[in-house]
Amino acid sequence: MEMDIGKASGPKEPNPVLVILVGAPGSGKSTFCEEVMRNSTRPWVRVCQDTIGNGKAGTKAQCLGSADRALKDGKSVFIDRCNLDREQRSEFVKLGSGSQTDVHAIVLDLPAKLCISRSVKRSGHEGNLQGGKAASVVNTMLRKKELPKLCEGFNRITFCQSENDVKEAVNAYSALGPLDNLPHGCFGQKPDTKIQVGIMKFLKKAEVPIDAASLNNGIIESTSQTRGKIDSCFKDKEKVSSIPDNANLESKEVEDNAVGSAGSNAIQVSLEDSPTLAFPSISTSDFQFNHEKAADIIVDKVAEFSNKIGNGRLVLVDLSHKSKILSLVKAKAAERNIDTQKFFTHVGDITHLYSTGGLRCNVIANAANWRLKPGGGGVNAAIFNAAGSELEYATKEKAKSLSPGNAVVVPLSLSSPLFTREGVTHVIHVLGPNMNPQRPNFLNNDYNKGCKILREAYAALFEGFASIVRTQAEQPRVRNENLGKQSMELEDQSQWSGNHFTNTDQKTKRDADHRSEKSKKYKGTQDDFGLTFMDSRDEKLDSEHRRPDGSMNKAWGSWAQALHQLAMHPEKHKDDLLEISEDIVVLNDAYPKAQKHVLVLLQTRGLDCLADVQNEHLRLLKKMHDVGLKWAKKFLHENASLVFRLGYHSVPSMRQLHLHVISQDFESKHLKNKKHWNSFNTAFFRDSVDVMDEISNHGKATLKDDDKLLSMELRCHRCRSAHPNIPRLKSHISSCKAPFPAYLLENGRLVNAVSEPQNNV
DNA sequence: GTTCTAGAAC
DNA sequence: GTTCTAGAAC
């Protein structure tokens with residue numbers, strides 16, 4: 001009979017599991033073990049510190065020894081002691097790290113009241129905790145408790161917060177036959193009040209009762225029941241229900257709130273929030289690379305990179321508990337004492353790590369094919385499927401193909417299901433060596449070459465991840481310093497670290513809409529994570545959208561087209577124009593920022609801003625300047641007290657090259673904000689005379705396009721005094737009679753009635 | 001580019 | 001309470 005065959009082969013591969021119970025006295029640890037052992041078909045040993053010394057309390061060392069022997073015997077082990085802090089647990093976790101043993105935690109996180117009353121009631125219990133002492137012991141322990149996290153080295157953590165949860169866990173472990181495994185990940189934890197506060201703050205709803213409920217860590221449990229609750233909570237409030245990472249959203253809040261009551265938990269929260277790369281074993285599946293050799297290389301490369309990835313974590317993932325590569329790597333990593341916080345293995349589907357395993361990974365690696373095409377099978381097909389067509393798109397933007405030993409980092413779109421459901425922000429495609437004659441680039445068992453390529457592949461993969469970690473670590477700083485632009489692009493691609501999420505979620509849709517435009521806009525300057533890319537898509541780009549220096553033209557929003565339309569069809573807008581000549585039209589600025597403010601607009605197609613201007617356009621610049629000057633003089637004729645300045649914005653908001661001719665009174669109800677002021681009164685404003693000089697001397701204009709300029713403090717353009725806000729500034733400039741700075745008086749940058757007294761009659 | 005408005009700053 | 005800014009939306 002088949003059943004018999006199954007049983008006969010069973011004992012050959014015992015699959016022990018080390019279960020570390022975590023709970024206060026009276027939480028029911030011993031009862032849990034007893035119930036499971038009563039019903040289980042697998043051999044269990046319960047290691048209890050209270051009885052290990054011949055029925056009396058023993059030492060931790062005795063427990064470790066006893067557990068180790070039992071595991072080596074192929075038995076599964078319960079560690080029945082409180083294990084409430086991480087340090088206590090760590091040595092027990094290590095027992096399981098060198099073998100195929102799964103290490104589980106069962107957290108009996110029941111109400112303190114219940115634990116106390118049980119402790120008081122019991123008389124013959126091994127722990128012998130009785131009477132009034134019980135309450136204070138339990139309370140002290142619970143105050144110090146640190147809930148376990150996957151990064152401590154656990155494969156699975158089950159949280160029980162009610163007696164019902166305990167019952168379910170007992171059933172799950174009782175039913176665990178000698179050959180069975182339980183899924184990896186975090187299970188059963190409910191979001192607590194603190195996290196709710198975070199969510200509510202995130203949703204900008206202030207009325208949250210802050211009550212000191214029991215403190216939990218940052219993992220939101222991933223059973224369907226509670227996930228549903230969280231999701232519906234989001235749905236009710238805003239359209240962000242699909243983002244699972246709600247604990248992460250406000251990790252900063254959780255930390256802040258936790259200070260004082262349980263600082264240690266706060267630290268754990270941030271650990272679990274670490275950037276994490278989940279990667280499949282490269283080349284060992286379809287490419288048939290030797291597992292033993294691959295495992296060595298993985299562990300080598302992990303060790304090499306573990307200190308290059310900041311607080312990042314690496315997780316080797318495989319689908320099956322029986323995975324040979326997983327157990328090989330796990331054993332080798334333990335041998336080399338690799339920090340289990342930095343690197344661990346996980347059994348699960350790499351496309352569902354958060355939703356079914358509670359494991360948050362912001363980056364996942366794909367064992368890609370050289371064409372970077374979806375399909376095939378295995379991880380590649382799964383990831384392309386899970387990510388949606390957008391990954392294919394985004395991948396094509398980065399590279400056309402990949403040669404063995406290389407990797408390419410692809411940011412995921414915010415609308416990709418992998419992002420919305422799993423919190424994955426980047427996929428790194430990596431191609432390893434192939435030992436399968438049926439596949440391209442067959443190495444014909446040349447393991448010299450093969451190992452070299454596999455090393456390169458992991459190096460490229462981890463370096464890609466390290467770049468993401470570095471970029472994210474820099475982000476808050478970049479933002480704060482207002483360095484603007486570049487960080488914006490990165491922001492919408494890589495949301496991982498806690499409170500960043502908050503900002504981006506709210507503009508998710510918007511960013512998604514403008515994403516393609518943005519990537520074009522910053523194409524020239526963006527760091528591609530320093531990896532080897534096979535083919536850039538750059539060659540394919542329409543050359544007419546490129547600048548002489550190779551950078552991309554900026555993308556113009558619909559509202560930015562008005563001047564362009566006007567320049568293309570001036571006859572349609574005759575009523576709005578002051579002048580139409582051969583290459584130029586002149587018009588009043590629709591929102592003048594001063595008493596007199598006109599635009600000299602070039603009609604030439606293809607010149608949208610200063611960056612487009614080259615030597616050959618000098619004639620046109622001069623013409624624009626002359627026309628501008630003519631209008632300035634005309635206005636001076638009407639009002640000799642005015643002073644004019646002619647110039648361009650380094651980065652205009654409206655398409656089609658236009659020269660501002662603006663009186664220096666800045667007396668206008670349309671001048672409303674810092675940007676308005678600074679765009680005319682910092683280096684962002686490029687004087688026409690200087691632009692013409694630069695074009696004739698260097699063939700291009702110097703752009704002062706740093707966003708910092710537009711958010712600079714407000715200073716009077718005459719006396720340079722600083723002012724706290726626009727109204728105060730405007731009030732000052734309305735009466736400031738100081739002479740203009742010397743710089744503006746030079747080289748004809750300012751145009752006034754005195755400088756041209758007689759010519760205009 | 002502007003308008004609108006939440007919420008920060010006062 | 002009012003003023004002002006900055007970010008979203010267009």
Side-chain angles (χ1 to χ4, degrees), chain A residues 200-208 237-240 253 414 476 478-485 487-489 491-492 495 499-515 517-518 521 554-568 573 576 585 587-594 597-602 608-610 647-662 666 668-681 684-685 705 707-715 722-733:
Chain A
M200 295 311 276
K201 279 195 178 176
F202 162 67
L203 295 169
K204 297 184 175 161
K205 305 285 187 241
E207 64 286 2
V208 183
K237 306 295 180 189
E238 278 182 21
K239 287 181 273 175
V240 289
E253 299 292 345
L414 295 174
V478 171
R479 257 174 84 87
N480 292 343
E481 286 174 5
N482 246 329
L483 289 177
K485 284 193 184 173
S487 70
M488 279 170 61
E489 167 70 354
E491 248 182 71
D492 72 5
Q495 328 307 326
N499 29 6
H500 258 330
F501 244 108
T502 315
N503 297 323
T504 14
D505 287 337
Q506 291 162 351
K507 54 176 187 181
T508 293
K509 186 178 173 298
R510 195 177 138 93
D511 275 0
D513 290 346
H514 293 294
R515 152 173 231 85
E517 294 176 357
K518 272 194 188 167
K521 186 167 170 184
K554 91 180 220 176
W556 303 95
S558 56
W559 44 261
Q561 305 285 353
L563 289 180
H564 175 70
Q565 287 308 318
L566 200 143
M568 294 303 113
H573 304 86
D576 302 324
V585 294
L587 65 148
N588 274 314
D589 191 296
Y591 299 90
K593 302 300 185 295
H597 183 184
V598 300
L599 302 178
V600 178
L601 179 65
L602 193 67
D608 288 335
C609 55
L610 270 191
Y648 301 86
H649 283 156
S650 285
V651 183
S653 296
M654 305 288 270
R655 179 181 178 189
Q656 198 70 25
L657 190 66
H658 54 279
L659 172 72
H660 290 270
V661 178
I662 185 166
F666 296 107
S668 163
K669 61 174 184 180
H670 297 294
L671 199 160
K672 292 173 175 171
N673 59 45
K674 211 173 228 190
K675 188 176 171 181
H676 290 155
W677 177 257
N678 284 333
S679 70
F680 290 102
N681 291 288
F684 185 88
F685 188 83
D705 56 354
D707 277 357
K708 255 197 278 188
L709 288 169
L710 295 178
S711 52
M712 268 170 52
E713 61 184 351
L714 299 166
R715 280 189 181 275
H723 299 269
N725 53 47
I726 287 289
R728 298 270 285 274
L729 173 78
K730 287 177 87 169
S731 148
H732 166 82
I733 57 171

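Computed from a predicted model, the values in this text were never measured in an experiment.
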> Could you state the atom-to-atom distance from CG of A:Leu710 to P of C:dA6 in whole Å?
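Rounding to the nearest Å, CG of A:Leu710 and P of C:dA6 are 12 Å apart.
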> In whole angstrom, what separates A:Gln561's CD from C:dC10's C1'?
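After rounding, the gap between these two atoms is 14 Å.
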> Where does the angle between the aromatic ring planes of A:His660 and A:Phe685 fall among parallel (under 30°), tilted (30 to 60°) and perpendicular (over 60°)?
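Rings of A:His660 and A:Phe685: tilted, 30 to 60°.
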> Atom CZ of A:Arg728 and atom CD1 of A:Ile733: how far apart are they, to the nearest 0.5 Å?
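So the gap between those two atoms works out to 14.0 Å.
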> Any donor and acceptor pair, going by atom type alone, linking the side chain of A:Asn678 with main-chain N or O of A:Met712 inside 3.5 Å?
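The answer is yes, because a donor-acceptor pair under 3.5 Å joins these two groups.
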> A:Trp677 CH2 to C:dA6 P: how many Å, rounded?
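Checked: the CH2 to P distance equals 16 Å.
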> List for me each residue that meets side-chain hydrogen bond (donor to acceptor under 3.5 Å, both in side chains) alongside A:Ser668, sequence neighbours excluded, and say none if there are none.
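Expected list: none.
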> Report all interatomic pairs (protein N or O, nucleotide N or O of nucleotides 1-5 of chain C) with separations under 3.5 Å.
residue: C:dT5; atom: OP1; partner: A:Ile726; partner atom: N; Å: 3.0

> Just wondering, more than 12 heavy atoms not from A:Lys675 lying within 6.0 Å of its NZ?
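Check fails, neighbour count at 12 or below.
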> Could you work out, with side-chain hydrogen bond (donor to acceptor under 3.5 Å, both in side chains) as the rule, every residue matching A:Arg715, not counting sequence neighbours?
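If we apply the side-chain hydrogen bond (donor to acceptor under 3.5 Å, both in side chains) test to A:Arg715, skipping adjacent residues, the hits are A:Glu713.
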> Indicate, with a heavy-atom threshold strictly under 4.0 Å, whether A:His676 touches base, sugar-phosphate, or nothing.
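Contact class for A:His676: sugar-phosphate only.
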